[in-house]
Q: 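Before I ask anything, here is the structure I am working with.
Everything numeric here is computed off the predicted structure, so don't read it as measured data. Lettering of chains follows the sequences in order, A, B, ..., and the numbering in each one begins at 1.
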There are 2 protein chains.
Amino acid sequence: MSIGKIMVVDDDSNICELLRLYLEKEDFEVCIASNGSQALEMFEREKPELILLDIMMPVLDGWQVCREIRKKSSCPIIMLTAKGEVFDKVLGLELGADDYVVKPFEAKEVIARVKAVLRRSGDNKQKSKIVQFDNLYINMENYELRVRGKQIDTPPKEMELIYHLSSNPNRVYTRDQLLDEVWGFEYYGDSRTVDVHVKRLREKLDGVSDRWTLKTVWGVGYKFEVKEDGE
Amino acid sequence: MSIGKIMVVDDDSNICELLRLYLEKEDFEVCIASNGSQALEMFEREKPELILLDIMMPVLDGWQVCREIRKKSSCPIIMLTAKGEVFDKVLGLELGADDYVVKPFEAKEVIARVKAVLRRSGDNKQKSKIVQFDNLYINMENYELRVRGKQIDTPPKEMELIYHLSSNPNRVYTRDQLLDEVWGFEYYGDSRTVDVHVKRLREKLDGVSDRWTLKTVWGVGYKFEVKEDGE
DNA sequence: ACATTATTTAAATGTTTATTGAAAAAAGCA
DNA sequence: TGCTTTTTTCAATAAACATTTAAATAATGT
């Protein structure tokens, strides 16, 4: 599943495809424009969450594109600059670009900067990686699960399962839904697998709180049930 | 209100005043030195956040000033060079200048570069080169690692790795992240390399404290885990 | 009571990490 | 420079751990 759409603008198709390769590996969706005017048009249509923008381009150069986009949007922009143009990039930043990368670049570095800029720009739809209910604390950043403040070592699948369930309290998930959403779409295993993981989680979590419980919905699936106040 | 103090060093008072005018309009605080030795003295006293430094100056030239300041500080420095003057970029980089501007300059351009350099330096630096947890002491200034006050000879990579991990306690890093952030983007080696370094660090550090530990997060990576009080 | 669904258990399967020793690379020294 | 030592990397194996499967048992609803 895509974690965001990124528009790559460069007249060198090798560079575009290289970036596409790496970005898609990181689960970004990618669209490509090979010149400035195409970029502006595509920007309207695709509404990307971030733009990787080459400076040296035919028709409209990167700065002009940057300036145009800034007139109507604050979409993050990372400039791609050739080695010779080192000091113009400073002005690029002043025009409203968020970061820059100097060619020839390491693809890994570009990815890192994309992530950093997205993180900084904040309004990305990344939901909190922390869930807390009464004396249960789940932190997917650190892969940490705490019960009454005490850390409990938990394997990744169990971790993701309890996180998924508790992120949407009171919602019932069928086993197949859980296999799709936690294990992944391509997974084709026995749905009893879910039961086993639920069982292990219960071993760790049962009787821990009277304010929530990992409940079986008979004939349907499971839910993380949270009790209302005073109930 | 000032958004930061900038020291301007130039023997031409016209240039100094022009820069002061523009910088103050942008809410920077400005102090001015008209030669090298005055600059060094003022640097100690005023502790500016950035320095605009002319190269051609009587008494001490810009290069010498730059070198002196770099001995004790990483304060950002932008060099001012006259047109026709050959700017030695390699020398500039080696001495630690962050950017340069060629005279005659547009005041707006200087402002843009000042802001860009400040933004960059704000991203990167600011973090202490010393980390301390319980009886572990890491000093990256002089590559020194101490356990219970006793110095332990440690190879550079291990040093950088434990420093990186312990600088962000409890955060999980994947092996690839560590390769990017400790080894560098251009590194293309096997990610198992990280394991070996972790293993060596553990030989040196295991059982040393019950308040922190170098922990494996199965299926994910490693973290420097620090226990809360009373746990 | 019967059919269906859920839980538990244990064993098999698969994956990730730890450990090791040797090779390669880098750094230090004469 | 050439030699030695240290550090880093690589690759193979062993160990640890997680996940899945399958089958037996228990619970639930009609």
Q: Kindly give the atom pairs (protein nitrogen or oxygen, nucleotide nitrogen or oxygen) under 3.5 Å for nucleotides 24-30 of chain D.
A:
none

Q: List in chain and number order the residues that pass salt bridge (Lys or Arg N to Asp or Glu O under 4.0 Å) with A:E141, two or more places apart in sequence or in another chain; answer none if no residue qualifies.
A: none

Q: Using a cut-off of 4.0 Å on non-hydrogen atoms, how would the nucleic acid contact of B:V194 be classed: base, sugar-phosphate, or nothing?
A: nothing

Q: C:dA6 C1' sits how many Å from A:L214 CG, rounded?
A: 14 Å

Q: Among side-chain atoms of A:T216 and A:R202, is any donor-acceptor pair under 3.5 angstrom?
A: yes

Q: Pick out the pairs of N or O atoms, protein on one side and nucleotides 19-21 of chain D on the other, that lie under 3.5 Å.
A:
residue	atom	partner	partner atom	Å
D:dT19	OP1	A:K157	N	3.0
D:dT20	OP1	A:W183	NE1	3.3
D:dT20	OP1	A:Y187	OH	3.2
D:dT20	OP2	A:W183	NE1	2.8
D:dT20	O5'	A:Y187	OH	3.4
D:dT20	O4	A:R200	NH2	3.3
D:dT21	OP2	A:D190	N	3.0

Q: Using whole Å, report how far CG of B:L179 lies from C1' of D:dT8.
A: 13 Å

Q: Please give the angle, rounded to 10 degrees, between the axes at the start and the end of the helix from C:dA1-D:dT30 to C:dA30-D:dT1, where five pairs define each axis.
A: 40°

Q: C:dA18 phosphate, OP1 or OP2: any side-chain N/O from B:T216 under 4.0 angstrom?
A: yes

Q: Look at the side chain of A:K199 and decide which nucleotide, out of C:dT7, C:dA18, C:dT8, has an atom nearest to it.
A: C:dT8

Q: Does a side-chain N or O from B:R175 land closer than 4.0 Å to OP1 or OP2 of C:dT17, or not?
A: yes

Q: Rounded to the nearest Å, what distance is computed from the CG atom of residue B:D153 to the P atom of nucleotide D:dT5?
A: 17 Å

Q: Find the distance B:K223:NZ to C:dT17:P and express it as a whole number of Å.
A: 14 Å

Q: Ring pair (Phe, Tyr, Trp, His ring centres under 6.0 Å) with B:Y222: which residues, sequence neighbours excluded?
A: none

Q: Check salt bridge (Lys or Arg N to Asp or Glu O under 4.0 Å) between B:R192 and all other residues, then give those that pass, not counting sequence neighbours.
A: B:D195

Q: For A:R20, is there an ion pair with A:E17 - N to carboxylate O distance below 4.0 angstrom?
A: yes

Q: How close or far is atom P of C:dT16 from atom CG of B:D176, stated in whole angstroms?
A: 13 Å

Q: Without decimals, in angstroms, what is the distance between A:R202 CZ and C:dA6 P?
A: 11 Å

Q: Once salt bridge (Lys or Arg N to Asp or Glu O under 4.0 Å) is applied, do any residues pair with A:E225, and if so which ones, sequence neighbours excluded?
A: A:K215, A:K223

Q: In whole Å, what is the span from the CG atom of B:D195 to the P atom of C:dT15?
A: 18 Å

Q: Mind checking what makes ring pair (Phe, Tyr, Trp, His ring centres under 6.0 Å) contact with A:Y173, not counting sequence neighbours?
A: A:H164

Q: Sequence neighbours left out, what passes side chain to side chain contact (heavy atoms under 4.5 Å, CB included) with A:V110? Give chain and number order.
A: A:L19, A:L52, A:V101, A:F105, A:V114

Q: My understanding is that only residues two or more places apart in sequence, or in another chain, count here; which of them pass salt bridge (Lys or Arg N to Asp or Glu O under 4.0 Å) with B:R146?
A: B:E144

Q: Compile the donor-acceptor pairs under 3.5 Å between side chains in residues 151-161 of chain B and protein atoms, sequence neighbours left out, one pair per line.
A:
residue	atom	partner	partner atom	Å
B:T154	OG1	B:I152	O	2.9
B:E158	OE1	B:K204	NZ	2.7
B:E160	OE2	B:Y143	OH	2.9

Q: With sequence neighbours left out, write down each residue that passes side chain to side chain contact (heavy atoms under 4.5 Å, CB included) with B:S209, or none if nothing qualifies.
A: B:D134, B:N135, B:R211, B:W212

